[in-house]
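Naming: A, B, ... by sequence-line order, numbering from 1 per chain. Quick note: numbers below take in every heavy atom, side chains included, and nothing from hydrogens, waters or symmetry partners. Since we're looking at a predicted model, the values are computed, not measured.
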Protein chains: 2
Amino acid sequence: MTTRWLTPEEQRAWRAYLAASTLLEDALDRQLQQEAGMPHLYYAVLAVLSDAPDRRMRMTDLAEHAKITRSRLTYVVTRLEKDGAIRRENCQWDKRGSIAVLTDEGLALLERLAPGHVESVRKAVFDHLTPEQIGQFEEICSAIAAAIEGEEAQQNGPDDLPWRRRSCSSGQ
Amino acid sequence: MTTRWLTPEEQRAWRAYLAASTLLEDALDRQLQQEAGMPHLYYAVLAVLSDAPDRRMRMTDLAEHAKITRSRLTYVVTRLEKDGAIRRENCQWDKRGSIAVLTDEGLALLERLAPGHVESVRKAVFDHLTPEQIGQFEEICSAIAAAIEGEEAQQNGPDDLPWRRRSCSSGQ
DNA sequence: AGTTATTGTTTAAAACTTGAACCAAGCCCG
DNA sequence: CGGGCTTGGTTCAAGTTTTAAACAATAACT
């Protein structure tokens, strides 16, 4: 089948997206790097963890939520552990597993960083969008994320969906 | 002033954006890496260049359009030059300058890669958006990009805007 | 002329990413 | 039970990328 090229509208949207996402990632990285010597990815991992029940999550779970590979996550967590922001614990229910736990120190770090980070996000994004646009943005991004995740699931075969994942997380 | 935290709607939107952008970058990288051994950034640079008049652009110009630093661009172009996709020429009008030129080979490469890439973008993004959403997406992303670029301009002082940039590009 | 700013590259060090290999533990099933 | 297969997570080695600072050459301003 012959290529379905992007329409002019699609092209404009795509270019705008590329510009925005590149600039945004850069801006967030820069801000956090300056404030904490830590790129945005690390902050994001801490943030995901802080939202988990009991501030703890299985590695695979955490990787899935942060949308990164386990290998990458291992690397990140290793560094965050050195920084004292995360501690690893063994999973009692599954002796293979390890659980990343956000330490008090990690939480404190996150709380120290959060205002500046949120301010960046506001200044770059939400201060310039109307409430409708915020809703639209969420819809659009959700659709994209869903499409990509669905696509991947298809590739692995329909049986491979992470349809029920034991968490082993909230037993303290 | 006390932190203006994100509202629940904003949080949802932000989370969706983070997921989408991470997954998207990953998917595009993977696809191009597989098809051409080349991450998305390289493709993007080639694409920008191919749109320039005469397929040529000053390095600084190119960096600005691709939203990356000059240093990063030097690295990228060096590799693309090795691949034969780009050639460097000296700028006659400004002897400091160098001009990146998309070679015929580079154009051919781009044309070979484009269908697969466009297909990826479609499958991940535009196939799942209504025409209205495409318009909204463009608006939103443009607003974000403008906000960040404006912000940076402010930091450098209002006089530092790249208000008129000689291009030295379209002389063959 | 002399200072200051730009262009683009170089350099060296770090940081990151990847994929494959790997081990240990769980699971399945005759 | 005891193989075989799968999963969770890490390790490893290699390469890629990023960054910041320093630099050389030229341009621009005063």
Quiz item: Taking all atoms of both residues into account, what is the closest heavy-atom pair of A:Ala20 and B:Ile148, and its distance?
Solution: O-CD1, 4.5 Å
Quiz item: C:dG8 phosphate, OP1 or OP2: any side-chain N/O from B:Arg88 under 4.0 angstrom?
Solution: no
Exercise. Please give the angle, rounded to 10 degrees, between the axes at the start and the end of the helix from C:dA1-D:dT30 to C:dG30-D:dC1, where five pairs define each axis.
Key: 30°
Polar atom pairs (N or O), protein with nucleotides 12-14 of chain D, under 3.5 Å:
none

Self-check item: Heavy-atom pair of closest approach, residues A:Arg88 and A:Ser98
Solution: CD-OG, 4.3 Å
Practice problem: Look at the side chain of A:Met59 and decide which nucleotide, out of C:dG8, D:dG8, D:dT10, has an atom nearest to it. | Solution: D:dT10
Practice problem: Could you tell me which non-hydrogen atom of B:Tyr43 sits nearest to which non-hydrogen atom of B:Ala114, and how far apart they are? | Solution: OH-CA, 3.4 Å
Quiz item: Under 4.5 Å between any side-chain heavy atoms of A:Ile99 and A:Asn90, yes or no?
Solution: no
Exercise. Using only heavy-atom distances, determine whether the side chains of A:Glu105 and A:Thr103 contain a donor-acceptor pair under 3.5 Å.
Key: no
Quiz item: Does A:Arg30 place a side-chain N or O at less than 4.0 Å from the phosphate oxygens OP1/OP2 of D:dT19?
Solution: no
Quiz item: Which atoms form the tightest heavy-atom contact between B:Trp5 and B:Glu10, and what is the distance?
Solution: O-OE1, 4.2 Å
Self-check item: B:Gln31: partners by side chain to side chain contact (heavy atoms under 4.5 Å, CB included), with sequence neighbours left out
Solution: B:Glu35, B:His117, B:Ser120
Quiz item: So, are A:Arg70 and A:Asp61 salt-bridged, with charged N and O less than 4.0 Å apart?
Solution: no
Quiz prompt | salt_bridge(A:Glu89, A:Arg87) N-O dist < 4.0 Å | solution = yes
Quiz prompt | Validation row: A:Leu46, A:Arg55 side chains within 4.5 angstrom (heavy atoms) | solution = no
Enumerate all atom pairs, one protein N or O and one N or O from nucleotides 22-25 of chain C, separated by less than 3.5 Å.
none

Quiz prompt | Criterion side-chain contact (heavy atoms from CB on, under 4.5 Å) on B:Met38 and B:Gln33, from CA distance to verdict | solution = CA-CA 5 Å; B:Met38 174 183 286; B:Gln33 196 71 49; 5.8 Å; no
Quiz item: Does the side chain of B:Arg72 get closer than 4.0 angstrom to OP1 or OP2 of D:dT18 through an N or O atom?
Solution: yes
Tabulate atom names and distances for all N/O pairs under 3.5 angstrom spanning the protein and nucleotides 2-4 of chain C.
none

Quiz item: Which atom pair, heavy atoms only, marks the closest approach of A:Leu113 to A:Ala36?
Solution: CD2-CB, 3.6 Å
Quiz item: What are the two closest heavy atoms between A:Ala16 and B:Ser142, and how far apart are they?
Solution: CB-OG, 3.6 Å
Quiz item: Can you tell me if B:Gln11 and B:Arg15 form a side-chain donor-acceptor pair at under 3.5 Å?
Solution: yes
Exercise. Quick one: pull up CG in B:Leu23 and CG in B:Leu28 and give me the separation to the nearest 0.5 Å.
Key: 10.5 Å
Quiz prompt | Close residues, residues 74-83 of chain B, relative to DNA chain C [heavy-atom separation under 4.0 Å] | solution = B:Thr74
